[in-house]
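Working notes for the structure below.
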Protein chains: 2
Amino acid sequence: MEKDLKKSLDLIKRGVVEIIDEEELAKKLKKAFEKDKPLIIKAGFDPTAPDLHLGHTVLIHKLRHFQELGHHIKFLIGDFTALIGDPTGKSETRPALTPEQVQENARTYKEQIFKMLDPEKTEICFNSIWLNNLTSMDMIRLCAKHTVARMLERDDFQKRYDAQKPIAIHEFMYPLIQGYDSVAMDADVELGGADQKFNLIVGRHLQREYNKEPQVVITMPLLEGLDGVNKMSKSLGNYVGITESPSSMFGKLMSISDELMFRYYELLSDLSIEEINTLKDNIKTGKLHPKEAKMNLSCEMVKRFHNEEEAIKAREGFDAQFKKKEVPDDIPQILIGKNETKIYISKLLKDSQLVESGSEAKRLLKQGGISIEGKKITSDEIEFNLDSAVIKVGKLKYLRIVRSQDI
Amino acid sequence: MEKDLKKSLDLIKRGVVEIIDEEELAKKLKKAFEKDKPLIIKAGFDPTAPDLHLGHTVLIHKLRHFQELGHHIKFLIGDFTALIGDPTGKSETRPALTPEQVQENARTYKEQIFKMLDPEKTEICFNSIWLNNLTSMDMIRLCAKHTVARMLERDDFQKRYDAQKPIAIHEFMYPLIQGYDSVAMDADVELGGADQKFNLIVGRHLQREYNKEPQVVITMPLLEGLDGVNKMSKSLGNYVGITESPSSMFGKLMSISDELMFRYYELLSDLSIEEINTLKDNIKTGKLHPKEAKMNLSCEMVKRFHNEEEAIKAREGFDAQFKKKEVPDDIPQILIGKNETKIYISKLLKDSQLVESGSEAKRLLKQGGISIEGKKITSDEIEFNLDSAVIKVGKLKYLRIVRSQDI
């Protein structure tokens, strides 16, 4: 176990949104050192089929920090409520999972998270184990530990209540159940997204009610997607899945802005804060080209989720592609839909603001001033089946088309 | 089973506040006649030590009506929540009952209710039987069947929420649990006090949710106490306990107003509505003295909770007491506290408006114009240990002092 308190705190604090509270965390760490008893670090995950992207790994990366410091990870799969399905019986899209499905999903989780976490130091837990054992009386006692008014303070509940949208009473039980997990697991620390703060604090509250030491709550930021604006999510298509191919992962990461690159370095990479600061300085003073820094980050990610060999190959492939076509590094990019097989050059160019109007694009097409992947085109409507391609407009302008991987 | 629908409905409707709804009730009755299958009539009672007064018997009397009509009574002792006690752990005055205590209280209930109900046709139920068997998942499913907003519509919840007084979440579960009892018991009809309407309707709602025929809800009025104003309650001291002595019961009932007497006749006596109307007519036309009618009511109650012999004795005792003292029948009455051993004549007379002022009373005392139980008194402060006594003021005014039986 890492016994240097400052070193521990520095690593833990890296990239977090909030620690509630730091003093308690320091106390817990000291006690852990003294008794040589690792802290129990809890993080809860949905039991539905996982398909993790880099956004999810921010939290898993923080778990790894704790693991590096010698603490014990309890990776909780919240299967209890999934075994119920939708108790209102109204949603057909939320059928109850069978125990077999839960086990299968857990296997997929392991496959993905063990790319980052040490399996030897990671305990996979299922809350159905203790929650199924609660009696009806236990449930009443649990519900007695929180008030309606405090529950309605949760932002989404308050909004729905004010908008007169129905909140079923069992929805009030879920944060309590999640909080009870912390009681049952003896969690010292719980990690979660910043949007989970309310529920994580219920855990603290309940541990006190059950005469246990309250957990420290650490919230992590929601990672911005490739666009640098919205949070990374599959439905927005601005994500990098951790099971994506090396070249796709590499290419997507090369498309992010310099600013976002630093954010990703902080939240995703293994570089220390000092190393990241040096890197920033070197870019500032011109010692390092931003593209090089982005390459390194992309390499690190491909290496993490595939291996070193694949990372080198992806880098070489990316390099070769651009050298061959003598395409500049920092050209604009536009996403097209996963299943789009017809593209309209004039629309793409106008949307990317490479031309003033659709008619300007059509004039350029007629004049033979536009090519895709080095091949001159004259028609506006193009059959398109590649995953990505570069359009050259005139002698100086380029646009990269990238097909969204969104499912 | 009584198969005359009109006759059944007339008896059931007697004295009720509301039937939700009457059409459904008629349908259920018809089905019961056709299939020769009695309706299941549910009424729930507190599992704490019972000490019933006439106010409680309004509902039990209505159960008897159903029993007379041939239906099946399920007398529910809600022991489940009592076995938990106060789940917030804050109230020391609500300790959990043991199963033995529940059984003992049930025994006391039986002793009292079987003065009115036929033990052969009365099933005593305990909801812990089915509620203890609910799993944590069942509880969630149950809570999914109602919304927070609808629960907050209950008058007392709304008031507490608006006044920012805490409502613990488990309090929302209690109406659901009570409603689930109706599901488990297959109740056709549930009886309750008018103040229970919300909870009774939750039962209807839940039966529908569990694909059962919803129960008919019948609410009974809260009986006015001896003062004719407040509802009968032990804490107000305006009650007649069903285990009180024959003479105490008789005496208390003789003190009510004529108007209240008709109310008691309707809600408590076995006289038919026609008989009560005849009685009213006879009083109006002077054929019957109101005192006689009150005597008959008092007799009926003593006979119900003791026996006929005791009823006759109580009547004779009451008669003799008043004849002996040549005290008029309709003198005012004033209650004193159970443990009051010192009384102040001037205060009693002034409070009863027999004198204009305390000083008038004191003047009368000096002049020898006041006697208690025939004995002249001159002191204002009197040691007093009797249960009741008559004060005579001057030649024409009387006041009866009655000691409250309030515990």
Side-chain angles (χ1 to χ4, degrees), chain A residues 79-91 94 96 127-154 157-158 160-177 179-180 202 206 209-211, chain B residues 79-91 94 96 127-154 157-158 160-177 179-180 202 206 209-211:
Chain A
D79 64 333
F80 175 71
T81 49
L83 293 170
I84 309 179
D86 172 28
T88 66
K90 278 166 195 153
S91 158
R94 268 186 55 200
N127 61 3
S128 61
I129 299 291
W130 52 85
L131 293 176
N132 274 334
N133 283 338
L134 290 187
T135 65
S136 49
M137 279 198 191
D138 293 332
M139 291 298 274
I140 290 176
R141 289 199 188 97
L142 178 58
C143 288
K145 309 230 179 270
H146 227 74
T147 69
V148 172
R150 285 186 64 178
M151 207 53 93
L152 277 176
E153 280 167 14
R154 203 175 84 173
F157 284 147
Q158 188 64 66
R160 282 163 65 194
Y161 186 70
D162 289 345
Q164 300 188 300
K165 286 184 186 156
I167 304 165
I169 293 168
H170 76 288
E171 295 184 69
F172 275 12
M173 300 170 99
Y174 286 163
L176 292 170
I177 282 173
Y180 183 80
V202 172
L206 284 180
E209 290 281 338
Y210 285 85
N211 299 316
Chain B
D79 65 332
F80 175 71
T81 50
L83 294 170
I84 309 179
D86 172 26
T88 66
K90 278 165 195 154
S91 156
R94 268 186 57 201
N127 61 2
S128 61
I129 299 291
W130 51 84
L131 293 176
N132 272 336
N133 283 339
L134 290 186
T135 64
S136 49
M137 279 196 189
D138 293 332
M139 290 299 274
I140 290 176
R141 289 199 187 97
L142 178 58
C143 288
K145 308 229 179 274
H146 228 75
T147 69
V148 172
R150 284 187 63 180
M151 207 52 93
L152 277 177
E153 280 168 14
R154 203 175 85 175
F157 284 148
Q158 189 64 66
R160 281 163 65 193
Y161 186 70
D162 289 345
Q164 300 189 301
K165 286 183 187 155
I167 303 165
I169 293 167
H170 76 287
E171 296 183 70
F172 275 13
M173 299 170 101
Y174 285 163
L176 292 170
I177 281 173
Y180 183 80
V202 172
L206 284 181
E209 290 281 338
Y210 285 85
N211 299 315

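Each chain gets a letter, A, B and so on, in the order its sequence line appears, and its residues count up from 1.
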**Spacing of B:H146 atom NE2 and A:I169 atom CD1 [to the nearest 0.5 Å]** = 6.0 Å
**Request:** Apply side-chain contact (heavy atoms from CB on, under 4.5 Å) to A:I167 and B:T147, showing your working.
**Result:** CA-CA 5 Å; A:I167 304 165; B:T147 69; 5.8 Å; no
**Item:** chain B contact via A:L131 - side chain, backbone, both or neither, heavy atoms under 4.5 Å
**Value:** backbone
**Request:** Find out whether A:Y161 and B:L152 are in side-chain contact, i.e. whether some heavy atom of one side chain is under 4.5 Å from a heavy atom of the other.
**Result:** yes
**Fill in**
So, the part of A:M173 with a heavy atom under 4.5 Å from chain B: the answer is side chain
**Approximate separation, where rounding is to 0.5 Å, of B:C143 SG and A:Y174 OH** = 10.0 Å
**Message:** I need the minimum non-hydrogen distance between B:I140 and A:H170, along with the two atoms involved.
**Reply:** O-CB, 3.4 Å
**Prompt:** How many angstroms lie between atom OG1 of B:T135 and atom CG of A:D138, to the nearest 0.5 angstrom?
**Reply:** 11.5 Å
**Request:** Check whether B:L176 gets within reach of chain A through its side chain, its backbone, both or neither, counting any heavy atom under 4.5 Å.
**Result:** side chain
**Message:** Let's test your reading of the structure: which of A:P166, A:A144, A:A168 forms the most heavy-atom pairs below 4.5 Å with chain B?
**Reply:** A:A144
**Request:** Take the angle between the ring planes of A:F172 and B:F172 and call it parallel below 30°, perpendicular above 60°, tilted in between.
**Result:** parallel
**Request:** Select one option (side chain, backbone, both, neither) describing which atoms of B:F80 are under 4.5 Å from chain A's heavy atoms.
**Result:** both
**Asked** Contact part of A:L142 toward chain B, heavy-atom cut-off under 4.5 Å: side chain, backbone, both or neither?
**Response** neither
